[in-house]
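Everything numeric here is computed off the predicted structure, so don't read it as measured data. These values consider heavy atoms only, across backbone and side chains, with no hydrogens, waters or symmetry-generated copies.
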Amino acid sequence: MADETTTPEQTETKPKRRAPRKPADPITAFLDEVRKELANVGDVKLDDSRRRRHDNRAAAWATEYAKTGAHDALILSLAFELLSCFPQERRHAAVQLAAAALKVAEASK
């Protein structure tokens with residue numbers, strides 16, 4: 001038999017509420033999306049024979065960016081810079097390109 005000294009309110013347990021999830025900051029959310037897209041990117045093969053042409057294009061787009069300040073010129077300049085640099089410089093160039101892409105992504109919200 002049930003103990004008559006306990007009331008139904010005492011036997012019922014309140015469901016525990018979870019703390020609300022903190023929204024991810026914009027950079028974390030962007031990087032999560034980039035990680036998902038990386039699965040669709042194949043192997044990266046850079047042809048050294050095209051380095052000089054890419055370097056000329058990078059310089060031209062850098063000049064355009066200096067004149068206009070347009071973000072598309074900056075992105076193109078950094079992309080061609082990445083393609084024109086030596087292997088030991090590629091990581092730094094990739095970081096610069098990613099930073100510019102993040103800036104554009106944040107501005108396009």
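Judged as a ring-ring contact (aromatic ring centres under 6.0 Å, His included), not a single pair has a partner in residues 31-53 (not counting sequence neighbours).
By the side-chain contact (heavy atoms from CB on, under 4.5 Å) test, Ala93 is found to be paired with Leu82, Cys85, residues two or more places apart in sequence or in another chain being considered. Considering only residues two or more places apart in sequence or on other chains, Arg52 meets the salt bridge (charged side-chain N to carboxylate O under 4.0 Å, His left out) condition with none of them. Judged as a side-chain contact (heavy atoms from CB on, under 4.5 Å), and not counting sequence neighbours, the contacts of Ala79 are Leu97. Applying the side-chain contact (heavy atoms from CB on, under 4.5 Å) criterion to Glu33, with sequence neighbours excluded, gives no partner residue. Every salt bridge (charged side-chain N to carboxylate O under 4.0 Å, His left out) that Arg90 has, sequence neighbours left out, goes to Asp48. By the side chain to side chain donor-acceptor pair (under 3.5 Å) test, Gln88 pairs with no residue at all, sequence neighbours left out.
Taking CZ of Phe86 as the reference point, atom CZ of Arg51 lies at 4.5 Å (rounded to 0.5 Å). In this structure, CZ in Phe80 is found 9.0 Å from CZ in Arg50, a value given to the nearest 0.5 Å. The CZ atom of Arg53 sits 12.5 Å away from the OG atom of Ser84 when rounded to the nearest 0.5 Å. Within the model, atoms CG of Leu83 and CG of Asp55 stand 11.0 Å from one another, a figure rounded to the nearest 0.5 Å. Considering CG of Leu74 and CD of Glu81, their distance stands at 11.5 Å, rounded to 0.5 Å.
The heavy-atom pair separating Ala58 from Ser77 by the smallest distance is O-OG, 3.4 Å.
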Residues 63-73, side-chain donor-acceptor partners within the protein, below 3.5 Å, at least two apart:
residue, atom, partner, partner atom, Å
Thr63, OG1, Ala59, O, 2.9
Thr68, OG1, Glu64, O, 2.9
Thr68, OG1, Ala70, N, 3.2

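Criterion: ILVMFWY side-chain heavy atoms under 4.5 Å apart, direct or through other members. Under it, Val34 and Leu102 are part of a common hydrophobic cluster. One hydrophobic cluster, built from ILVMFWY side chains closer than 4.5 Å, holds both Val104 and Leu78.
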